[in-house]
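Have a look at the structure below, then the notes.
Reminder, nothing fancy here: chain letters follow the sequence lines and each chain counts from 1. What you see is a predicted model; the values in this text were computed from it and never measured.
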There are 2 protein chains.
Amino acid sequence: MVLKSQVEWALHCCAILAGLPVGKYLPTKDLAELHGLPKEYLSKALQSLSQAGIVTSTLGPSGGYRLAKAPTDTSFLDVVEAIEGKQSTFVCTEIRKNNPCRKAGTRDGKSCAVARVMWKADQAWRASLRETTLADLVETLEDEVPAAVWKETFAWVTARI
Amino acid sequence: MVLKSQVEWALHCCAILAGLPVGKYLPTKDLAELHGLPKEYLSKALQSLSQAGIVTSTLGPSGGYRLAKAPTDTSFLDVVEAIEGKQSTFVCTEIRKNNPCRKAGTRDGKSCAVARVMWKADQAWRASLRETTLADLVETLEDEVPAAVWKETFAWVTARI
DNA sequence: GAGAGACTACTCGGATACAGTCTGTCCGAGTAAATCCGG
DNA sequence: CCGGATTTACTCGGACAGACTGTATCCGAGTAGTCTCTC
């Protein structure tokens, strides 16, 4: 069970979009070039973000994507769920119902005990992802990315919008 | 990102094996019949458990599987990792290195900030899975499964070993 | 020079192929029990 | 009747196909900016 690469791409793209001047848009082409990714496929990840209401898109020249909300209002979980979907990582197929020793019509009080443990872990994972926002990510990056690279990157971006 | 169904199967099988008389083995055939699963494919899950040292197998008549350790010594995480592997749910491909604004030879002090957040969530998930053991599972099942079904099931199992 | 209209070029979005993993199946190697035979 | 060798039947384990999701790509619909022409 491994997250699709689009999750990584989407998060890095969001970090860039978070640093964009307000009202400006950055097209997929530039985001792809900046991260060394296939432009056409990256656009699918951005489409998912758009449908989830995380980013907003505009067409035509100087079009592209920008964040739809303040960076403080979008968590890692929002991005992950936009790409992977909101369903739990564990799906219970209720195999206990196949037990030949069950008489027809047996009622189960609670949901499957196995599933409950798995779902609780899933919740813990999501809770952890919910703790960090895009604003936190940008703050961390400002501290850690070498100043030269950071500055140069946004000069590169600014030159294209 | 969804766990494979083998995880669910393996956990339910472990619950049955935990209730087995000491020294006795239960074959794949019976485990499959008890859960309504394809025997041949279920055996692959059990093979993974065997390789991980969670269960022990024996060949020949009255052969099969039994737990290799006490139920208190095997956690949900052990089972999940036996099936899904131990690698993190998030793999960082270091796309930050593709940034055209990076001068050759730029050193990164820390690992990618995006990856760190994702890995932390992965750890939270694993920690939650580590909290519950097979013994806890059996205890819960004893409380919740209708007594008739529970008793009948182990009578069914006992009749075959 | 200014404004309106048409044009152009650039963007996203969905529809379309390819690949890898998950799911499912098969058969052979090996072993423990049961059988058979001799003492 | 008892012990041992042989047979047998049952088990796991790895090798072999099919289905589905993830990956990658293409082309069309739509729009914002630009250019041109007229007043």
Response to the item:
Scoring nucleotides 26-35 of chain C by protein non-hydrogen atoms under 4.0 Å (B base, S sugar-phosphate only, - none) yields BB--BBBS--

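In this structure, the NZ atom of A/Lys44 is 9 Å from the C1' atom of D/dG22, given to the nearest Å. Whole-Å rounding puts the A/Leu46 CG to D/dA24 C1' distance at 15 Å. One interatomic measurement links the two molecules: CG of B/Leu42 to C1' of D/dG13, which rounds to 14 Å at whole-angstrom precision. At whole-Å resolution of the value, CZ in B/Arg66 and P in D/dC12 are 14 Å apart. In this structure, A/Ile95 places its CD1 atom 13 Å from P of C/dT23, rounding to the nearest Å.
Between B/Tyr41 and C/dT25 there is no side-chain N or O to OP1 or OP2 distance below 4.0 Å.
Contacts with DNA chain C (heavy atom under 4.0 Å) in residues 47-56 of chain A: A/Gln47, A/Ser50, A/Gln51, listed by number. A heavy atom closer than 4.0 Å to some atom of DNA chain D occurs in no member of residues 15-29 of chain A. In the region residues 74-91 of chain A, proximity to DNA chain D at under 4.0 angstrom, judged on heavy atoms, holds for none of the residues. Contacts between residues 4-14 of chain B and DNA chain C, defined by a heavy-atom separation below 4.0 Å, involve B/Lys4, B/Ser5, B/Trp9, listed by number.
Evaluation of the ring-ring contact (aromatic ring centres under 6.0 Å, His included) test over residues 41-82 of chain A, restricted to residues two or more places apart or in two chains, returns A/Trp9-A/Tyr41.
Interatomic distance, B/His35 NE2 to B/Asp30 CG, rounded to the nearest 0.5 Å: 11.5 Å.
Between A/Thr93 and B/Glu8, the side chains place a donor N or O and an acceptor N or O closer than 3.5 Å (distance only, hydrogens not considered).
B/Arg96 and A/Glu144 are not joined by a salt bridge, as no carboxylate oxygen comes within less than 4.0 angstrom of a charged side-chain nitrogen.
With hydrogens and angles ignored, the 3.5 Å screen pairs no side-chain donor or acceptor of B/Arg102 with any backbone N or O of A/Val149. Without hydrogens or angle criteria, A/Asp143 side chain to A/Thr140 main chain gives no donor-acceptor distance under 3.5 Å.
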